Each structure stands twice: as C-alpha cells, then as structure tokens.
Amino acid sequence: MQLALTEDDQAFREEMRTFFTTTFPEEIRRTVEEGRELTREQIVESQQALNAAGLAVPHWPEEWGGRGWSELKRHIWHEEMQAASVPVPLAFNASMIGPVIAQFGTQEQKEKFLPKTANLDIWWSQGFSEPDAGSDLAGLRTTAVLDGDDWVVNGQKTWTTLGQYGDWIFTLVRTDPEVKKQAGISMLLIDMTSPGVEVRPIELIDGGHEVNEVWFTDVRVPGENLVGEVNSGWTQAKFLLGNERVGVAPVGATKRVLARAKELGASILADDPLLRARVVELENELLALELTALRVAAHSAGAEPHPASSVLKLKGTELQQAVSELVVDLGGPATLASGEGDATLEWYRRSTPTYLNLRKASIYGGSNEIQRQIISRNILGL
Amino acid sequence: MDFTYDDEQTALRDAVRGLVGKAYADYEQRRRATKEDPGFDEKLWTQMAEMGLLGLPFSEDDGGVGAGPVEIGIVCRELGRVLAPEPYLSSVVLAGGLVSAVGTPEQRQELLGALSGGESVLAFAHDEPGHRWSAEAHDVTADASGALTGTKDGVLHGARADVLVVSAVLPDGGTGLFLVTGDALASVERSGYPTFDGGRAARITFDATAATPLGAAAADVTTSIATVQDITRIMAANEALGAMQTQLRATTEYLKSRKQFGVTLNTFQALTFRAADMYTSVELTHSMVDWATMVVAAGDPAQVADAAARAGLQVSRAGRHVGQEAIQLHGGIAMTAEYNVGTFTAHLTALDHLLGDAGHHLRALDARLGDHGVIDPLDRAATA
Ligand SMILES: Cc1cc2nc3c(=O)[nH]c(=O)nc-3n(C[C@H](O)[C@H](O)[C@H](O)COP(=O)(O)OP(=O)(O)OC[C@H]3O[C@@H](n4cnc5c(N)ncnc54)[C@H](O)[C@@H]3O)c2cc1C
C-alpha cells in the first residue's frame, strides 16, 4: 500500500488544478461557489470550455474524445473540478447517453450524435421514468409501434430533469407488450421538436422548475433512431444506470460547501460546540467516503468495479444532504430573510431551498433503498 | 497511490492467517485460552515470535525485523478477525513501541531482543484511576532517585508482564518513563483480573519501588508517549476492523441460514437493509484504517495524531454500529458466551475505551477545526 501519488499523477493533479482555477471561466465558478443557479447558457459555456480542453468526456472511448486515463486520473479530474467550483459536464450527455451510443450505437449514430453530445450542441434529456414506473422501471408503458420505417410513440414520461432545455430525449419504450416486461423494451432517441412532443413543467418544493412531464402523442420517430436491437433496451438501460451511479458521490462539491459553511459561519460556530461537533463528524465521514472513492478508483484497473463502489452513491448522497441540513441550521433565523443582503445573508437565504431540493439525491439515480438492495443481494448474497 | 497489498504483504497476511486463524478457527479454543491465566496461549506466542511477528516493528539492530506500519497493521487485523487474545497490541505495539522510541541503545537491544524472541512480555503501566486517555502521568510520581510511588490500573497484561514500562510525574514536572524489572518487580503489588472481553489487566501499586529511567534520566517524554499512543490507536483500529469484518460475515451467513416463519431470515428486507448498512460502515472504516496506517508510514507526528483521531472516531462509531447490529440480527444466540458474536462486540467495546472513544477524538479534532478549509487526504505524503 502506498499513500503518495506517483510523480505522474501528482503532475496531472497540478495540471487539472491549474486549468480549473486559472483558465476556466471565472464567472461560472463564482456562481457555483455562491450556490446560485446556473443558466442554460452558463451550463453550455462551461461544458464547451471543458470540451475545448479535452476535459468534457475523458471516460469515453478515445476515438470519440476519451483520454484513456486510469480510473485514478478520472477520479482526480472529477474531484479537482468540483473543488474548483467548476460544474461537472451535463450527466445526461457525458455519463448517460454518450457512453451508450458509443457502445451500442450504429456508426451513423456515433458520427451524428457523439461530437455534438460531447460539446453540448445537443442537450439531452432522460426519458425513463413514468408515473407508474419509478424504481420498477421495467413497468413502463409508453409504447412504440412500427409504422413503415417509423416508430409511432404514445405515452407519458415524468420527472424529466431540465427537459425544458432539451433538444433530444433518450427514452425507453415498450415495443413488445406480449413478453416478460424486461424483454419488450427498446431505446429510442427522440427529437424534442417533433410534432406531438409536449413538455409540461412540474414545480418542486424549493419553488424551482427543474423537472417536467413529457407527453408523446403519435410522435413519429425514424427507425434509424433506435439504439441497438429491437427489444434490447433493458441491456442498454442497465449499462446506462450502472454508469449513472459512478461519480454520483459528489465528494468534492460537498467538501467545498462544508468548507464554505465553516468560513461564513465562523462566529456562530465559535459559540456553539454542538454545531462544531457536527462539522467535525461530517468532515470525518466525508474523509472516509473520499478515501473509499480513492480506494475504489485505485483498485479497479479497468476490470470489475470494486464492490465498495455501491457505498458511494448511498453514503455520498446522505452526506450531501446532511451538509445542506447543517447549513440551514447554521443560518437559523437568517434562512427566513429575503430581499437584498450581503453574500452571507444571500447564502443562508438559498440554504433552505437547497436543502429541500437535495432531498432528491437519495431518490433518483436508483434510490438509496435500491442501493441497499444491490448491496445486500449482489455483494452480501442475501 | 494505491490501497492494495503488495506480494510480500499478501504473503505475510496469509501466513498470519494460517497461524492465528487456524489456532482460533474454533471459537472454543479461544474460550479455553482466555479461561486460565495468563489469558492467552504461550505456545502460540512463541510461534508468533518464531515467525518474526513480535519483532516486526523494531529495527534489526534492536533484534527486530524492521517492517513498516502496514505489516504491523496486517498482524493486528488478523488477530482481530479471530479475536486472538495474545497481547500483541499492548506488549509489542504499545510497550515495545515506547522502548523503541525512548530507550537507550542498550535498553532497546536487551528489551526488544527478548520481546521479539518471545522470551519477555512487556506491559505499559500508564492509566491511573480517575484520569481518562492522557499522554501524561498524574498521581504516580518518581522521586529524585527514580523510585516510584502510586497506583496504576487497567494495565493490560500487567500481572503476567516480565517488564513494566511505567509512566510517572518527574520531580521537576513532566512525565518520564521507567523500567521496573527483576527484584523490584517482585516487590510490586500486582493484582491481575480478567476483563469483560476475555482479556487480562491489572491494578499495580508502587511504594518507593526502585526503577530505572527508560532513556535519558529525568527527560520529559510526553510527546513520545503521545505519538506511540497514536500509532497504537491506529493499530487498534486495524484490529477492530478485522473484528468488524468477521461480524459482518457471520451476520450475513446467519441471515442466510436461520429459518423463522418457514423461511430464511434474508427473506425479510428490513433485515437485509440493516446488513447493507453494516457493510457500508465496514467499508468506510476499511478505507479510513488503511489510510491512517499509511499516514504512520509517512511519519510526521502531527499528521499521525490527526489520522489517529480520525480513524479513532470512525472506528468508534462503526464499531458500535456493527457490533450492536450483529447481536440484534442474530437474536438470542448472540447473547450467549459460547457463541462468539457477542464477544466480538465486547472486544470492540474494549478497544473503543482503550485509548479514547469517539467523544475524545471529536474534542481533539474540534480543537483543530479552524486549521483547515477542506481536508486533503493525500497531502500527508511526499510525492513517490
Ligand atoms: C428531482 C428528480 C429528478 C429526476 N430526474 C429524472 C430524469 O431526468 N429522468 C428520469 O427518467 N427520471 C428522473 N427522476 C425519476 C427517478 O429516477 C425516480 O423518482 C426514482 O427512480 C424513484 O421512483 P419513484 O419516484 O416512482 O418512487 P417509487 O419507486 O414509487 O418509490 C417510493 C419509495 O419506495 C422505495 N422503494 C421502491 N421500491 C422498493 C423496493 N423494492 N424495496 C425497498 N424500497 C423500495 C423507494 O426507495 C422510495 O423511497 C427524477 C426524480 C426526481 C425526484
């Protein structure tokens, strides 16, 4: 066992740190650091800045912009990005559909979609969940029926994050209602400007508009937009959901928020040993989580992921939520204020909406109960 | 940077597992060993010496093997997996560590040579009634001639020990270390007793007992004691991790085999989820313990202190969680002495209180809270 980074990894870390803190657009980093919401333009600008530097999709196949880095380098890249308040590349593009198209897509699909996906010229939405198909995703009912060369899609998706910005949506649709439910699903790529696609906003408990319902009424989708074989969608879905869980433990970002809480709340903390104790506990748990992420990264040399990787989503979201809760408690009555204020007040004002918003983290991406199910079944064999 | 054993470390682990794991594979053997004084298997202790395990931490000049913290951690972890009662932590890591850190070259050669060879058991007489987890002595004093007076309690293997390393307040203040051996040791009142986890400890009373300074006479060695305690905390964390891994494994097996209501217990999700949470605790602890062990290898005492507190806090929380859940998920059988699950929890509890529990570490970390913005676990080591 060896604690030190190799010279090569150390140099790589410096290189990442330097790029993120000196070259990357400052204004975007400020916005993230202060916990303000990014605009669509800022998210696009951010990913394009990363892509221009070859840092948007390093985990993709090299042919399509990947860098062939070790898991450890990818980990370092990801952590340094968050530590510097750089928004991570849009997950729908970079971690979800991109790798799926690279793995299962036709050559035409790869050429048509991958460069634009990496550069966020296409904004992808994820159309998996339906009102009656959440954790039990295979229960989905949106149908696609072949008519000539086209698929005709009818049904409703829900919880579509940032669907209001979406150019395209990757969906799971039922293409064979007769077989076992996992066996009758296909993956379709749908242009959201197609006639019959309707996006309706859902307002969340933080007052924000982040998710949507997406309705499909006789939407015609060209046959060439099917990914992989007909009725093989469950395979692609599992591949995608596996990737979705990697890197979902936002350790770097959570550490940064906690550090900022310490800084802005210094005078409150000085007088409150109980709050300080919570900070210490959280710092320690985050350290254990970060070390686990490092252990997983340094362990899985390309092959099977280390089993402990299942812990990352579970614990990562719990800590992300716990830190947001601490921030609210630090703010106390200041969280109720509104209107103009200095940076500290503004931060506290945003803290409760953030806390409420982050309740989602343990629900999506495979709820934490589903993670426990994976650990107990697949790892412990229960 | 990696968290994987190299080939030699893997070979060491397998060898230790072969020896200790075999000796205590049957829990009855452990029960037998702990029933009678000295509370461990002297024959196994000799075999551990022959394998070179007792000399691992000490330099070759001192009669040891000169291995690093990762290797010592491996031994502790394997001992923890089977709850081996041999006094490795107290005699080799703690008392031996002090001799190694503070002793004169002659003292080191003599004491550590005998310890490594399995001929001599050392004990650190330090804790005093009414004081918690300190690097200093409080009520036991040394006079100008070096004679010791006062009472130590909770001295692990204090009755069996061939040599006592004793901390005492020096005439001019500060804490010094002394050796009590031979005739002087024979004159000391030592009352040994079994601890709740099958271990042994003793209450030791000194009454103008003749003693030899360990290292330079009248030197205040509080910082050396603190560092050796920190290293021991981290090795105790390795031992605790081994114990937690066994508890998780045992619980998982039990849930798969125990039937109630006509089905095995793993049919009930309320139980499998709790096992998943135990797994999470164990894995997070594993990462932290490996890291802290590597920080010892990097050597800076301030960073070792920080890592010891962090690992200590994590192990305290996780040890209680895993230990308590292991009993609950086993049901009544875990309450019995002949079944090992409860004893593992007892031992985790003993380790928790040996050198400082969560509250103790929390306070230490709280005092340093303002010293950093974010914690960078990799800044503890120079570039390889
Ligand atoms: C803010 C937000 C954004 C989202 N964005 C997207 C998106 O962009 N695209 C998309 O496709 N989906 C998205 N989702 C949907 C998300 O993936 C689902 O909400 C999630 O899969 C859970 O499904 P559900 O909400 O229907 O809850 P349910 O599946 O009904 O679960 C309800 C509760 O029961 C638990 N539960 C369910 N099954 C089990 C079981 N077998 N064992 C134990 N407990 C169980 C759950 O963990 C949960 O606590 C988003 C969700 C949210 C909240």
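Naming convention: chains lettered A, B, ... in sequence-line order (proteins, then strands); numbering from 1 in each chain. If you're wondering where the values come from, they're calculated on a predicted model, not measured in any experiment.
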Please state whether the side chain, the backbone, both or neither of [X] comes within less than 4.5 Å of a heavy atom of chain A.
| X | answer |
| --- | --- |
| B:His372 | both |
| B:Gln314 | both |
| B:Val295 | both |

Next item on the list: Please identify each residue that fulfils side chain to side chain contact (heavy atoms under 4.5 Å, CB included) with B:Ala334, with sequence neighbours left out.
Entry: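 B:Ala334 satisfies side chain to side chain contact (heavy atoms under 4.5 Å, CB included) with B:Ile327, B:His330, B:Val341 only.
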Between [X] and chain B, which part of the residue has a heavy atom less than 4.5 Å away: side chain, backbone, both or neither?
| X | result |
| --- | --- |
| A:Glu369 | both |
| A:Leu258 | neither |
| A:Arg260 | neither |

Could you check whether [X] pairs with [Y] (Lys NZ or Arg NE/NH1/NH2 to Asp/Glu carboxylate O, under 4.0 Å)?
| X | Y | value |
| --- | --- | --- |
| A:Glu34 | A:Arg30 | no |
| B:Asp357 | B:Arg363 | no |
| A:Lys255 | A:Glu290 | yes |
| A:Glu33 | A:Arg256 | no |
| B:Asp352 | B:Arg317 | no |
| B:Arg233 | B:Asp230 | yes |

Margin query: Tell me if the CG atom of A:Asp342 is crowded by more than 12 foreign heavy atoms within 6.0 Å.
Written below: yes
Side chain of [X], backbone of [Y]: donor and acceptor closer than 3.5 Å?
| X | Y | answer |
| --- | --- | --- |
| A:Gln82 | A:Ala253 | yes |
| A:Gln321 | A:Glu318 | no |
| B:Gln229 | B:Ser134 | yes |
| B:Trp133 | B:His361 | no |

Next item on the list: May I ask you to list the residues in residues 243-251 of chain B that approach chain A closer than 4.5 angstrom, counting heavy atoms only, ordered by number?
Entry: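 Against chain A, the residues of residues 243-251 of chain B that fall inside the cut-off (heavy atoms, under 4.5 Å) are B:Leu248.
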Note to self: Give the interface residues of residues 253-265 of chain B toward chain A, defined by a heavy-atom separation under 4.5 Å.
What the structure shows: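 Checking residues 253-265 of chain B against chain A gives B:Leu255, B:Lys256.
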Does [X] reach the side chain of [Y], with side-chain heavy atoms less than 4.5 Å apart?
| X | Y | result |
| --- | --- | --- |
| B:Met288 | B:Leu241 | no |
| A:Met81 | A:Met16 | no |
| B:Arg13 | B:Thr10 | yes |
| A:Leu55 | A:Arg67 | yes |
| B:Thr252 | B:Met278 | no |

Please identify, among [options], the residue contributing the most non-hydrogen atom pairs under 4.5 Å to chain A.
| options | result |
| --- | --- |
| B:Leu271, B:Thr272, B:Val374, B:Asn266 | B:Thr272 |
| B:Ala297, B:Ala275, B:Ala276, B:Gly370 | B:Ala276 |
| B:Val70, B:Leu365, B:Thr4, B:Asp6 | B:Thr4 |

Notebook entry, point to check: Looking at A:Trp69 versus A:Phe12, is the centre-to-centre ring distance below 6.0 Å?
Noted result: yes
Notebook entry, point to check: Can you pull out the residues in residues 271-285 of chain A with any heavy atom less than 4.5 Å from chain B?
Noted result: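 Expected list: A:Arg276, A:Ala277, A:Val279, A:Val280, A:Glu281, A:Glu283, A:Asn284.
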Option in [options] with maximal non-hydrogen atom pairs under 4.5 Å from chain B:
| options | value |
| --- | --- |
| A:Gln373, A:Glu263, A:Arg377 | A:Gln373 |
| A:Leu72, A:Leu287, A:Leu289 | A:Leu287 |
| A:Leu286, A:Ile379, A:Leu269 | A:Ile379 |
| A:Asp9, A:Leu314, A:Leu294 | A:Leu294 |
| A:Ile375, A:Val311, A:Leu380 | A:Leu380 |

Notebook entry, point to check: What's the verdict on salt bridge (Lys or Arg N to Asp or Glu O under 4.0 Å) for A:Glu79 and A:Arg13, showing C-alpha distance, side-chain angles and the deciding distance?
Noted result: CA-CA 10 Å; A:Glu79 291 305 297; A:Arg13 193 186 199 203; over 6 Å; no
Next item on the list: Please work out whether the ring planes of A:His59 and A:Trp77 are parallel, tilted or perpendicular, with thresholds of 30° and 60°.
Entry: tilted
